[in-house]
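Both backbone and side-chain heavy atoms feed into the values below; hydrogens, waters and symmetry mates do not. Counting starts at 1 for both ligands and their atoms, following the listed order. Keep in mind it's a predicted model, so treat the numbers as computed, not measured.
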Amino acid sequence: MTISTVVKRHLETGTSSVRHLLSTRDVTRHDVTRWMARAEELRVMSAKDRQTILAGSVVAAIFYEPSTRTRLSFESAVLRLGGRVISAENALEHSSAKKGERLEDVFRVLGCYADAIVIRHHENDAMAMAAPQSPVPIINAGAGSGEHPTQALLDVYTIWRELGQVDGLEICIMGDLRYGRTVHSLLQLLTKYRNVSVTLLHPASLGLPEEMMQALRSRGLSIQTTQDLTSALSRADIVYQTRIQTERLSCIDEALGTEKFHLTSASLSVMKPSARILHPLPRVDEIHPEVDDDPRAAYFRQVENGLYMRMAILEDMVRR
Ligand code: NCD
(Lines give C-alpha, C1' and ligand atoms only; values in the text may rest on other atoms or scores of the structure.)
Protein backbone atom coordinates (compact mmCIF):
# COMPACT_ATOMS: atom_id res chain seq x y z
CA MET A 1 0.00 0.00 0.00
CA THR A 2 1.41 3.42 -0.94
CA ILE A 3 1.60 6.21 1.58
CA SER A 4 -1.05 8.21 -0.29
CA THR A 5 -3.47 5.25 -0.13
CA VAL A 6 -2.93 5.04 3.61
CA VAL A 7 -3.58 8.77 4.01
CA LYS A 8 -6.69 8.56 1.80
CA ARG A 9 -8.04 5.62 3.82
CA HIS A 10 -7.41 7.54 7.01
CA LEU A 11 -9.33 10.54 5.70
CA GLU A 12 -12.19 8.36 4.45
CA THR A 13 -12.50 6.54 7.76
CA GLY A 14 -12.68 9.85 9.63
CA THR A 15 -13.87 9.72 13.24
CA SER A 16 -17.63 9.71 12.77
CA SER A 17 -17.96 5.91 12.46
CA VAL A 18 -16.28 5.28 15.80
CA ARG A 19 -18.65 3.82 18.39
CA HIS A 20 -18.29 5.24 21.92
CA LEU A 21 -19.83 4.05 25.18
CA LEU A 22 -20.87 7.28 26.87
CA SER A 23 -24.35 6.58 28.21
CA THR A 24 -26.65 3.63 28.77
CA ARG A 25 -29.12 5.54 26.56
CA ASP A 26 -27.00 4.41 23.60
CA VAL A 27 -26.94 0.75 24.63
CA THR A 28 -29.58 -1.64 23.27
CA ARG A 29 -30.99 -4.64 25.07
CA HIS A 30 -29.34 -6.71 22.37
CA ASP A 31 -25.92 -5.21 23.29
CA VAL A 32 -26.47 -6.14 26.93
CA THR A 33 -27.52 -9.70 26.11
CA ARG A 34 -24.54 -10.13 23.79
CA TRP A 35 -22.04 -8.76 26.34
CA MET A 36 -23.52 -10.89 29.14
CA ALA A 37 -23.27 -14.03 27.01
CA ARG A 38 -19.67 -13.20 26.12
CA ALA A 39 -18.84 -12.42 29.77
CA GLU A 40 -20.05 -15.92 30.65
CA GLU A 41 -17.73 -17.42 28.00
CA LEU A 42 -14.76 -15.31 29.06
CA ARG A 43 -15.25 -16.37 32.68
CA VAL A 44 -14.55 -20.02 31.86
CA MET A 45 -12.03 -19.54 29.03
CA SER A 46 -8.44 -20.61 29.70
CA ALA A 47 -5.99 -17.82 30.54
CA LYS A 48 -3.98 -18.83 27.44
CA ASP A 49 -6.93 -18.45 25.06
CA ARG A 50 -7.96 -15.14 26.61
CA GLN A 51 -4.47 -13.76 26.07
CA THR A 52 -4.93 -13.76 22.30
CA ILE A 53 -8.04 -11.55 22.26
CA LEU A 54 -6.45 -8.12 22.61
CA ALA A 55 -2.88 -9.15 21.80
CA GLY A 56 -1.09 -6.21 20.23
CA SER A 57 -3.68 -3.65 21.39
CA VAL A 58 -3.06 -0.70 23.70
CA VAL A 59 -5.77 0.86 25.87
CA ALA A 60 -5.32 4.27 27.52
CA ALA A 61 -6.87 4.77 30.97
CA ILE A 62 -7.08 8.42 32.00
CA PHE A 63 -8.72 9.20 35.35
CA TYR A 64 -9.43 12.76 36.51
CA GLU A 65 -11.25 11.54 39.65
CA PRO A 66 -10.32 8.90 42.25
CA SER A 67 -11.03 5.25 41.46
CA THR A 68 -10.03 1.85 42.76
CA ARG A 69 -12.34 -0.77 41.23
CA THR A 70 -13.17 0.81 37.92
CA ARG A 71 -9.62 1.67 36.91
CA LEU A 72 -8.07 -1.54 38.16
CA SER A 73 -10.81 -3.76 36.77
CA PHE A 74 -10.46 -2.16 33.35
CA GLU A 75 -6.68 -2.54 33.54
CA SER A 76 -6.96 -6.13 34.72
CA ALA A 77 -9.46 -6.89 31.94
CA VAL A 78 -7.12 -5.49 29.26
CA LEU A 79 -4.11 -7.37 30.65
CA ARG A 80 -6.00 -10.65 30.97
CA LEU A 81 -7.06 -10.29 27.32
CA GLY A 82 -3.43 -9.89 26.31
CA GLY A 83 -3.50 -6.15 25.65
CA ARG A 84 -1.43 -3.43 27.28
CA VAL A 85 -2.44 -0.37 29.26
CA ILE A 86 -1.03 3.13 29.37
CA SER A 87 -2.50 5.19 32.17
CA ALA A 88 -2.70 8.61 33.75
CA GLU A 89 -4.02 8.54 37.29
CA ASN A 90 -5.00 11.75 39.09
CA ALA A 91 -5.01 13.37 35.66
CA LEU A 92 -6.39 16.66 36.96
CA GLU A 93 -3.06 17.19 38.74
CA HIS A 94 -0.63 15.08 36.75
CA SER A 95 -1.67 15.57 33.13
CA SER A 96 -1.73 18.55 30.80
CA ALA A 97 -5.23 19.37 32.14
CA LYS A 98 -3.22 21.33 34.70
CA LYS A 99 -1.94 23.43 31.79
CA GLY A 100 -5.48 23.98 30.51
CA GLU A 101 -5.53 21.41 27.69
CA ARG A 102 -8.98 20.78 26.19
CA LEU A 103 -10.44 17.27 26.33
CA GLU A 104 -10.88 17.29 22.54
CA ASP A 105 -7.11 17.60 22.18
CA VAL A 106 -6.49 14.93 24.82
CA PHE A 107 -8.62 12.48 22.82
CA ARG A 108 -6.88 13.31 19.53
CA VAL A 109 -3.49 12.83 21.17
CA LEU A 110 -4.30 9.63 23.05
CA GLY A 111 -5.92 8.31 19.87
CA CYS A 112 -2.44 8.31 18.33
CA TYR A 113 -1.13 6.08 21.13
CA ALA A 114 -4.02 3.79 21.97
CA ASP A 115 -6.82 1.74 20.39
CA ALA A 116 -9.46 2.83 22.94
CA ILE A 117 -9.65 5.38 25.75
CA VAL A 118 -11.20 4.61 29.14
CA ILE A 119 -11.86 7.89 30.92
CA ARG A 120 -13.26 9.11 34.24
CA HIS A 121 -13.94 12.84 34.34
CA HIS A 122 -15.26 15.29 36.93
CA GLU A 123 -17.70 17.03 34.56
CA ASN A 124 -21.00 15.47 33.48
CA ASP A 125 -20.95 16.38 29.79
CA ALA A 126 -17.34 17.14 28.87
CA MET A 127 -16.44 13.73 27.50
CA ALA A 128 -19.61 13.44 25.42
CA MET A 129 -18.91 16.87 23.90
CA ALA A 130 -15.32 15.94 23.07
CA ALA A 131 -15.89 12.34 21.93
CA PRO A 132 -16.69 13.19 18.27
CA GLN A 133 -13.08 14.39 17.98
CA SER A 134 -11.69 11.04 19.07
CA PRO A 135 -10.29 8.70 16.41
CA VAL A 136 -10.74 5.73 18.79
CA PRO A 137 -13.61 4.53 21.01
CA ILE A 138 -14.21 6.44 24.25
CA ILE A 139 -15.47 4.38 27.19
CA ASN A 140 -17.07 6.41 29.99
CA ALA A 141 -15.77 5.16 33.34
CA GLY A 142 -17.73 7.79 35.31
CA ALA A 143 -18.67 11.34 34.34
CA GLY A 144 -19.27 13.72 37.26
CA SER A 145 -22.69 13.12 38.79
CA GLY A 146 -24.00 12.17 35.34
CA GLU A 147 -23.42 8.61 34.21
CA HIS A 148 -21.35 5.47 34.73
CA PRO A 149 -22.54 3.09 32.01
CA THR A 150 -20.14 0.16 32.50
CA GLN A 151 -21.11 -0.01 36.19
CA ALA A 152 -24.78 -0.25 35.19
CA LEU A 153 -23.94 -2.97 32.68
CA LEU A 154 -22.20 -5.03 35.33
CA ASP A 155 -25.11 -4.34 37.71
CA VAL A 156 -27.61 -5.74 35.22
CA TYR A 157 -25.28 -8.67 34.53
CA THR A 158 -25.21 -9.36 38.28
CA ILE A 159 -29.00 -9.16 38.56
CA TRP A 160 -29.37 -11.61 35.68
CA ARG A 161 -26.70 -13.96 37.09
CA GLU A 162 -28.19 -13.95 40.57
CA LEU A 163 -31.90 -14.18 39.69
CA GLY A 164 -31.91 -15.50 36.10
CA GLN A 165 -33.94 -12.57 34.74
CA VAL A 166 -34.34 -8.81 34.79
CA ASP A 167 -37.86 -8.54 33.32
CA GLY A 168 -40.62 -8.40 35.91
CA LEU A 169 -38.43 -7.61 38.93
CA GLU A 170 -39.20 -5.31 41.83
CA ILE A 171 -36.09 -3.17 42.32
CA CYS A 172 -35.51 -0.90 45.32
CA ILE A 173 -32.83 1.77 44.81
CA MET A 174 -31.57 3.63 47.86
CA GLY A 175 -29.21 6.36 48.98
CA ASP A 176 -27.90 9.30 46.99
CA LEU A 177 -30.03 9.33 43.85
CA ARG A 178 -29.24 12.93 43.04
CA TYR A 179 -25.47 12.69 42.57
CA GLY A 180 -25.12 8.90 42.20
CA ARG A 181 -24.11 8.39 38.57
CA THR A 182 -24.37 4.59 38.77
CA VAL A 183 -28.07 4.95 39.63
CA HIS A 184 -28.67 7.27 36.67
CA SER A 185 -27.11 4.80 34.23
CA LEU A 186 -28.84 1.81 35.84
CA LEU A 187 -32.30 3.36 35.70
CA GLN A 188 -31.85 4.15 32.01
CA LEU A 189 -30.76 0.59 31.34
CA LEU A 190 -33.79 -0.78 33.20
CA THR A 191 -36.09 1.02 30.73
CA LYS A 192 -34.99 -1.58 28.17
CA TYR A 193 -36.60 -4.38 30.23
CA ARG A 194 -40.27 -5.33 30.61
CA ASN A 195 -42.42 -4.87 33.71
CA VAL A 196 -39.64 -3.69 35.96
CA SER A 197 -40.99 -1.79 38.94
CA VAL A 198 -38.61 0.60 40.72
CA THR A 199 -39.04 2.02 44.22
CA LEU A 200 -36.75 4.86 45.27
CA LEU A 201 -35.75 5.71 48.86
CA HIS A 202 -33.57 8.71 49.59
CA PRO A 203 -32.88 11.49 52.09
CA ALA A 204 -35.02 14.57 51.40
CA SER A 205 -32.36 16.53 49.48
CA LEU A 206 -30.93 13.63 47.48
CA GLY A 207 -33.77 12.59 45.20
CA LEU A 208 -33.50 11.82 41.50
CA PRO A 209 -33.33 14.99 39.36
CA GLU A 210 -36.88 15.78 38.26
CA GLU A 211 -36.12 15.88 34.52
CA MET A 212 -34.55 12.41 34.79
CA MET A 213 -37.65 11.11 36.55
CA GLN A 214 -39.84 12.51 33.76
CA ALA A 215 -37.63 11.03 31.06
CA LEU A 216 -37.66 7.58 32.67
CA ARG A 217 -41.42 7.62 33.05
CA SER A 218 -41.87 8.75 29.46
CA ARG A 219 -39.86 5.69 28.42
CA GLY A 220 -42.31 3.48 30.29
CA LEU A 221 -40.43 2.70 33.52
CA SER A 222 -42.72 2.21 36.51
CA ILE A 223 -41.05 4.27 39.22
CA GLN A 224 -42.27 5.46 42.62
CA THR A 225 -40.76 7.05 45.70
CA THR A 226 -41.43 6.07 49.31
CA GLN A 227 -40.15 6.70 52.82
CA ASP A 228 -41.42 3.33 54.05
CA LEU A 229 -38.20 1.31 54.21
CA THR A 230 -39.71 -1.85 55.70
CA SER A 231 -42.42 -2.14 53.09
CA ALA A 232 -40.00 -1.44 50.21
CA LEU A 233 -37.47 -3.99 51.49
CA SER A 234 -40.10 -6.66 52.00
CA ARG A 235 -41.30 -6.40 48.38
CA ALA A 236 -37.90 -6.08 46.66
CA ASP A 237 -36.18 -8.71 44.53
CA ILE A 238 -33.14 -6.45 44.29
CA VAL A 239 -32.03 -3.86 46.84
CA TYR A 240 -29.48 -1.51 45.23
CA GLN A 241 -27.80 0.50 47.96
CA THR A 242 -25.52 3.48 47.28
CA ARG A 243 -23.11 5.74 49.13
CA ILE A 244 -23.81 9.41 49.84
CA GLN A 245 -21.55 11.26 47.38
CA THR A 246 -20.17 13.58 50.08
CA GLU A 247 -17.59 15.02 47.69
CA ARG A 248 -20.41 16.38 45.47
CA LEU A 249 -22.76 17.83 48.11
CA SER A 250 -23.22 21.59 47.95
CA CYS A 251 -23.58 21.65 51.77
CA ILE A 252 -23.41 18.98 54.43
CA ASP A 253 -27.09 19.52 55.31
CA GLU A 254 -27.96 17.75 52.07
CA ALA A 255 -26.94 14.50 53.77
CA LEU A 256 -29.37 14.92 56.69
CA GLY A 257 -31.45 11.84 57.38
CA THR A 258 -29.20 9.29 55.66
CA GLU A 259 -28.93 6.84 58.61
CA LYS A 260 -32.58 5.96 58.19
CA PHE A 261 -31.65 4.14 54.98
CA HIS A 262 -28.75 2.08 56.27
CA LEU A 263 -28.95 -1.69 55.82
CA THR A 264 -28.41 -3.78 58.96
CA SER A 265 -29.21 -7.31 60.10
CA ALA A 266 -32.69 -5.98 60.98
CA SER A 267 -33.19 -5.12 57.29
CA LEU A 268 -32.28 -8.69 56.34
CA SER A 269 -35.04 -10.04 58.51
CA VAL A 270 -37.74 -8.27 56.45
CA MET A 271 -36.28 -9.10 53.03
CA LYS A 272 -37.38 -12.06 50.89
CA PRO A 273 -35.12 -15.15 51.15
CA SER A 274 -34.59 -14.90 47.36
CA ALA A 275 -33.75 -11.15 47.33
CA ARG A 276 -30.26 -9.81 46.60
CA ILE A 277 -28.36 -6.74 47.82
CA LEU A 278 -26.16 -4.90 45.32
CA HIS A 279 -23.86 -1.91 45.83
CA PRO A 280 -21.47 -0.36 43.29
CA LEU A 281 -18.91 0.14 46.11
CA PRO A 282 -17.07 1.76 47.79
CA ARG A 283 -19.29 1.19 50.81
CA VAL A 284 -18.97 3.56 53.76
CA ASP A 285 -21.55 2.89 56.50
CA GLU A 286 -24.73 2.41 54.46
CA ILE A 287 -24.40 -1.39 54.63
CA HIS A 288 -23.25 -2.64 58.02
CA PRO A 289 -20.52 -5.32 57.81
CA GLU A 290 -22.84 -7.75 59.67
CA VAL A 291 -24.79 -8.02 56.37
CA ASP A 292 -21.79 -9.26 54.39
CA ASP A 293 -22.02 -12.94 55.34
CA ASP A 294 -25.66 -13.26 54.35
CA PRO A 295 -25.96 -15.15 51.02
CA ARG A 296 -28.22 -12.37 49.74
CA ALA A 297 -25.30 -9.89 49.90
CA ALA A 298 -24.13 -9.99 46.27
CA TYR A 299 -21.83 -6.94 46.17
CA PHE A 300 -18.53 -8.78 46.17
CA ARG A 301 -19.77 -11.19 43.48
CA GLN A 302 -20.83 -8.03 41.61
CA VAL A 303 -17.18 -6.86 41.65
CA GLU A 304 -16.03 -10.10 40.01
CA ASN A 305 -18.79 -9.91 37.41
CA GLY A 306 -17.50 -6.44 36.55
CA LEU A 307 -14.20 -7.86 35.42
CA TYR A 308 -15.85 -10.22 32.90
CA MET A 309 -18.36 -7.64 31.72
CA ARG A 310 -15.54 -5.15 31.09
CA MET A 311 -13.60 -7.81 29.20
CA ALA A 312 -16.64 -8.37 26.95
CA ILE A 313 -17.08 -4.64 26.35
CA LEU A 314 -13.38 -4.12 25.60
CA GLU A 315 -13.23 -7.07 23.21
CA ASP A 316 -16.12 -5.54 21.30
CA MET A 317 -14.95 -1.94 21.33
CA VAL A 318 -11.15 -1.80 21.17
CA ARG A 319 -10.11 -0.97 17.62
CA ARG A 320 -8.06 -3.82 16.17
C1 NCD B 1 -19.02 4.43 41.93
C2 NCD B 1 -18.62 5.71 41.19
O3 NCD B 1 -17.44 5.99 41.04
O4 NCD B 1 -19.56 6.36 40.74
N5 NCD B 1 -17.93 3.60 42.18
C6 NCD B 1 -17.59 2.68 41.24
O7 NCD B 1 -17.17 3.02 40.15
N8 NCD B 1 -17.80 1.40 41.51
C9 NCD B 1 -19.86 4.67 43.12
C10 NCD B 1 -19.35 5.61 44.18
O11 NCD B 1 -18.27 6.17 44.12
O12 NCD B 1 -20.11 5.79 45.14
Side-chain angles (χ1 to χ4, degrees), residues 21-24 27 39 61-78 87 89-92 117-128 138-159 173-189 200-203 205-209 212 238-249 252 254-255 258 261-263 276-288 292 297-311 313-314:
L21 177 50
L22 299 167
S23 162
T24 45
V27 172
I62 181 158
F63 279 65
Y64 294 78
E65 277 193 344
S67 170
T68 307
R69 258 156 306 275
T70 306
R71 187 169 67 84
L72 296 181
S73 72
F74 264 114
E75 293 198 8
S76 175
V78 174
S87 64
E89 198 193 344
N90 193 7
L92 207 52
I117 298 169
V118 176
I119 174 171
R120 172 167 287 188
H121 199 264
H122 48 288
E123 290 171 21
N124 292 17
D125 301 320
M127 72 175 82
I138 302 296
I139 301 177
N140 175 359
S145 61
E147 280 219 47
H148 193 348
T150 65
Q151 178 68 45
L153 285 159
L154 76 89
D155 296 339
V156 165
Y157 178 38
T158 302
I159 295 171
I173 304 187
M174 306 169 59
D176 185 346
L177 314 186
R178 179 168 178 187
Y179 300 109
R181 56 194 173 197
T182 71
V183 170
H184 303 162
S185 288
L186 177 60
L187 284 167
Q188 278 172 180
L189 206 50
L200 306 177
L201 288 119
H202 59 83
S205 308
L206 298 176
L208 202 66
M212 201 174 289
I238 294 290
V239 175
Y240 189 92
Q241 176 66 296
T242 63
R243 170 181 78 88
I244 304 301
Q245 306 277 302
T246 36
E247 69 277 27
R248 303 193 201 281
L249 303 182
I252 197 65
E254 278 190 297
T258 51
F261 302 108
H262 287 182
L263 296 177
R276 295 290 187 274
I277 303 171
L278 272 63
H279 190 306
L281 303 181
R283 169 247 312 255
V284 187
D285 48 9
E286 61 281 352
I287 302 181
H288 290 201
D292 296 359
Y299 29 94
F300 292 112
R301 297 193 289 276
Q302 191 181 351
V303 172
E304 190 188 354
N305 296 338
L307 176 68
Y308 299 112
M309 177 46 91
R310 289 188 169 120
M311 281 187 194
I313 294 168
L314 285 162

Sequence neighbours excluded - salt bridge (Lys or Arg N to Asp or Glu O under 4.0 Å) pairs with any residue from residues 150-159: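 Sorted pair list comes back empty.
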
Side-chain (Thr182) to main-chain (His148) donor-acceptor, under 3.5 angstrom: no

Backbone N/O of Tyr179 and side chain of Ser145: donor-acceptor pair under 3.5 Å: no

Which residue and atom name correspond to the protein heavy atom nearest [atom], and how close is it?
{"atom": "atom 6 (C) of ligand 1", "answer": "Leu281 O, 3.4 Å"}
{"atom": "atom 3 (O) of ligand 1", "answer": "Arg181 NH2, 2.9 Å"}
{"atom": "atom 11 (O) of ligand 1", "answer": "Arg243 NH2, 2.9 Å"}

Any Glu65 heavy atom less than 4.0 Å to ligand 1: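 The answer is no, since Glu65 has no heavy atom less than 4.0 Å from ligand 1.
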
Any Pro282 heavy atom less than 4.0 Å to ligand 1: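 Contact check Pro282 vs ligand 1: positive.
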
Donor + acceptor pair across side chains of Thr24, Gln188 (<3.5 Å):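 There is such a pair between these side chains.
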
Test item: side-chain donor near acceptor, Arg310 and Ser73, under 3.5 Å: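 Yes, Ser73 and Arg310 have a side-chain donor paired with an acceptor closer than 3.5 Å.
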
Sub-4.0 Å atoms of ligand 1 with respect to non-hydrogen atoms of Pro280: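 Listed by number with element, the hits are 8 (N).
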
Atoms of ligand 1, numbered as shown, that sit under 4.0 Å from any heavy atom of Thr70: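 Taking each heavy atom of Thr70 in turn, ligand 1 has 6 (C), 7 (O) under 4.0 Å.
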
Results of salt bridge (charged side-chain N to carboxylate O under 4.0 Å, His left out) for Glu286 - residues two or more places apart only: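 If we apply the salt bridge (charged side-chain N to carboxylate O under 4.0 Å, His left out) test to Glu286, skipping adjacent residues, there are no hits.
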
